[in-house]
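The figures here come from the full heavy-atom set of this structure, side chains too, leaving out hydrogens, waters and symmetry mates. Protein chains get the first letters and strands the later ones, always in sequence-line order, with residue 1 at the start of each.
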Protein chains: 2
Amino acid sequence: MSNQAVIQHLESFIPLKGIEKALLDERFILRHIKRKEKILVAGEVCRYHTFVAQGCFRMFGVDDKGFEHNIQFAAENDWIADIGSFHTQKPSQLNIEALEAGVVLQIKQQDLYFLYKNIPKLNLIFKVLIELKYIELQNRVLQNFSSTAEQRYLGFLEQYPHLSNRLPNTQIASYLGITPEFLSKVRKNIQSKG
Amino acid sequence: MSNQAVIQHLESFIPLKGIEKALLDERFILRHIKRKEKILVAGEVCRYHTFVAQGCFRMFGVDDKGFEHNIQFAAENDWIADIGSFHTQKPSQLNIEALEAGVVLQIKQQDLYFLYKNIPKLNLIFKVLIELKYIELQNRVLQNFSSTAEQRYLGFLEQYPHLSNRLPNTQIASYLGITPEFLSKVRKNIQSKG
DNA sequence: ATCTACCCTTAACCTAGCTTAAGAAATCAG
DNA sequence: CTGATTTCTTAAGCTAGGTTAAGGGTAGAT
């Protein structure tokens with residue numbers, strides 16, 4: 001396991017020259033993460049942009065009453081960071097936690113900015129990456145407004161089949177914005193229909 | 001009124017050379033839009049990325065029951081487009097409508113791609129622009145999950161004071177994901193507290 | 001292998017926000 | 001200026017989803 005995973009991922013957008021790959025290889029840091037380990041803790045600055053080579057992570061906020069709300073999951077070949085905190089280097093309100101043991105490739109803000117300067121096409125790649133995430137998030141906002149919990153759950157199963165088999169229902173419920181108890185009711189109801 | 005508005009806006013991120021400005025000036029199209037005119041209709045492809053020079057627009061989806069749900073507002077110096085449809089050139093499920101008469105500066109996908117190639121720093125600028133929008137949207141998802149309609153309404157007034165004076169409450173309600181009737185109740189309740 | 005910590009489900013009761021309806025006030029187009 | 005269209009509000013009844021509590025099941029750590 002090495003930085004090759006992230007380089008390969010970036011090359012799936014645009015091929016990179018040998019020198020560029022060497023620069024990338026130099027700046028990414030490989031870390032092994034244990035289950036339940038946090039790679040971002042609310043109140044601290046998000047120091048790394050994280051590429052998931054192996055495992056599954058969630059980013060979540062905690063409300064006034066202490067309830068957790070999942071904003072995003074990230075499994076293999078996905079990126080995760082509190083982008084606001086990462087760019088401003090101000091404290092984050094979010095947490096990123098491993099749902100399984102895993103391996104990540106991380107880069108610091110100043111190193112990523114160095115790479116943006118020295119490998120201009122990275123701007124294009126990361127623009128596309130965030131555009132894709134933006135579209136996903138926008139669809140989610142629309143779904144949340146215009147459909148019931150049951151429709152959203154079915155949509156989740158369809159859109160993220162690899163995740164729905166892998167995550168406990170409590171985590172899915174938190175992502176859908178409902179309680180685990182209600183998700184249980186929804187699932188029962190779906191089953192009874194066939 | 002001319003393309004200067006958009007060039008000035010882009011220069012607020014990174015200065016541009018004379019040649020670059022000329023290229024930009026060539027490719028943007030100025031249009032006057034009437035109140036209630038749609039610049040994107042669901043079912044059609046989103047052909048333009050739109051910079052708002054004057055006026056106020058909303059992007060919205062329509063659900064199974066015919067209810068409209070506002071996803072985004074855009075006033076002066078903001079951008080609006082269904083980014084998914086714009087990039088894939090597949091039909092959009094969204095509409096963009098003028099809430100007031102206004103002036104927009106629009107660019108076609110192929111022209112924007114031409115500019116990305118010929119003015120590489122535009123990739124950086126548009127990456128930053130979409131990152132900012134992404135952060136906004138992410139905060140919105142979190143807010144929707146972790147607070148009541150009243151808290152969200154107060155948050156909206158604080159975050160978008162220029163919009164809250166300008167928009168009818170029906171539009172704000174649709175953005176907050178509640179009915180106008182319930183917003184009315186919320187407003188009454190806020191007033192009675194002082 | 002066993003203990004512990006989650007995880008899933010059920011059920012009774014509760015509440016934030018929706019629906020429907022209808023009138024008054026504001027705004028827009030001609 | 002005027003009629004037509006939106007917008008805002010109120011109120012009564014309703015429903016999707018939350019809360020609380022409790023039992024059984026499952027998976028991780030040692």
Side-chain angles (χ1 to χ4, degrees), chain A residues 33-37 55-56 58 60 63-70 97-102 143-157 163-193, chain B residues 32-37 55-56 58 60 63-70 73 97-102 143-157 163-193:
Chain A
I33 311 291
K34 285 182 217 152
R35 196 176 111 90
K36 297 213 174 180
E37 188 176 339
C56 188
R58 68 177 179 128
F60 65 97
D63 69 23
D64 313 333
K65 295 178 195 153
F67 289 109
E68 299 180 354
H69 302 277
N70 287 342
E97 185 188 80
L99 292 165
E100 308 167 359
Q143 287 296 105
N144 277 327
F145 282 161
S146 57
S147 49
T148 63
E150 178 171 325
Q151 290 172 312
R152 277 180 278 147
Y153 176 63
L154 291 171
F156 182 86
L157 296 186
L163 288 177
S164 57
N165 295 321
R166 201 166 167 180
L167 298 170
N169 286 327
T170 43
Q171 296 302 332
I172 296 176
S174 168
Y175 180 88
L176 296 175
I178 60 178
T179 59
E181 291 86 351
F182 190 63
L183 177 54
S184 193
K185 207 187 229 173
V186 164
R187 283 160 52 81
K188 190 184 175 187
N189 193 40
I190 290 169
Q191 243 179 348
S192 79
K193 290 186 202 168
Chain B
H32 290 261
I33 311 291
K34 283 183 220 154
R35 195 176 112 90
K36 299 213 174 179
E37 187 175 342
C56 188
R58 67 177 180 130
F60 65 97
D63 69 24
D64 313 333
K65 294 176 197 155
F67 290 109
E68 300 180 353
H69 302 277
N70 287 343
F73 296 118
E97 184 188 83
L99 292 165
E100 309 166 1
Q143 289 294 105
N144 277 326
F145 282 161
S146 58
S147 48
T148 62
E150 178 172 324
Q151 291 173 311
R152 278 180 278 146
Y153 176 62
L154 291 171
F156 182 86
L157 296 186
L163 287 177
S164 57
N165 295 320
R166 201 165 166 181
L167 298 171
N169 286 327
T170 43
Q171 296 301 332
I172 296 176
S174 168
Y175 180 87
L176 296 175
I178 60 178
T179 57
E181 292 86 351
F182 190 62
L183 177 54
S184 192
K185 207 188 229 174
V186 164
R187 283 160 53 81
K188 190 185 175 186
N189 193 39
I190 290 169
Q191 242 180 349
S192 78
K193 291 186 200 168

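The shortest distance between the side-chain N/O atoms of A:Arg187 and the OP1/OP2 oxygens of C:dC8 is not below 4.0 Å. Side-chain N/O atoms of A:Arg35 include none lying less than 4.0 angstrom from OP1 or OP2 on D:dA27. Residue A:Thr179 has no polar side-chain atom (N or O) positioned under 4.0 Å from OP1 or OP2 of D:dG17. At D:dG17, one or more side-chain N or O atoms of A:Arg152 fall inside 4.0 Å of OP1 or OP2 (strictly under the cut-off).
B:Ile190 has its CD1 atom 15 Å from the P atom of C:dA16, to the nearest Å. With rounding to whole Å, A:Leu176 atom CG is found 17 Å from D:dA16 atom P. Atom CD of B:Glu68 is separated from atom P of D:dT7 by 10 Å (rounded to the nearest Å). Residue A:Gln171 contributes atom CD, which lies 18 Å from atom P of C:dA5 at whole-angstrom precision. Rounded to whole angstrom, the span from the CG atom of B:Asn189 across to the C1' atom of D:dT9 amounts to 14 Å. Across the protein-nucleic acid pair, A:Asn144 atom CG and C:dG17 atom P stand 14 Å apart, rounded to whole Å. With rounding to whole Å, B:Glu150 atom CD is found 9 Å from C:dG17 atom P. Following rounding to the nearest Å, B:Leu183 (CG) and D:dT6 (P) show an atom-to-atom distance of 20 Å.
Here A:Lys185 lies in heavy-atom contact (under 4.0 Å) with a base. If you check every strand for non-hydrogen atoms under 4.0 Å, A:Lys36 touches sugar and phosphate atoms only.
Here the closest heavy-atom approach between residue B:Phe145 and residue A:Ser174 is recorded as CE1-O, 4.3 Å. Here the closest heavy-atom approach between residue B:Ala98 and residue B:Lys34 is recorded as CB-O, 3.4 Å. Counting all heavy atoms, side chain and backbone alike, B:Leu167 lies closest to B:Leu99 at CD2-CD1, 3.4 Å.
Using a 30° and 60° split on the angle between ring planes, B:Phe73 and B:Phe156 fall in the perpendicular class, above 60°.
Out of C:dC8, D:dG17, D:dC8, the shortest distance to the side chain of A:Ile178 is found at D:dG17. Across C:dG17, D:dT9, C:dT9, the shortest atom-to-atom separation from the side chain of B:Asn169 is found for D:dT9. Which of D:dA21, C:dT19, C:dC8 sits closest to the side chain of A:Glu181 comes down to D:dA21. Distance from the side chain of A:Phe182 is smallest for D:dG17 among the nucleotides D:dA11, D:dG17, C:dA29.
Map A:Ser147 and B:Thr170 each onto its nearest nucleotide of DNA chain D; the residue landing nearer the 5' end is B:Thr170.
At distances below 3.5 Å, at least one donor-acceptor pair connects side-chain atoms of B:Asn70 with backbone N or O atoms of B:Gln171.
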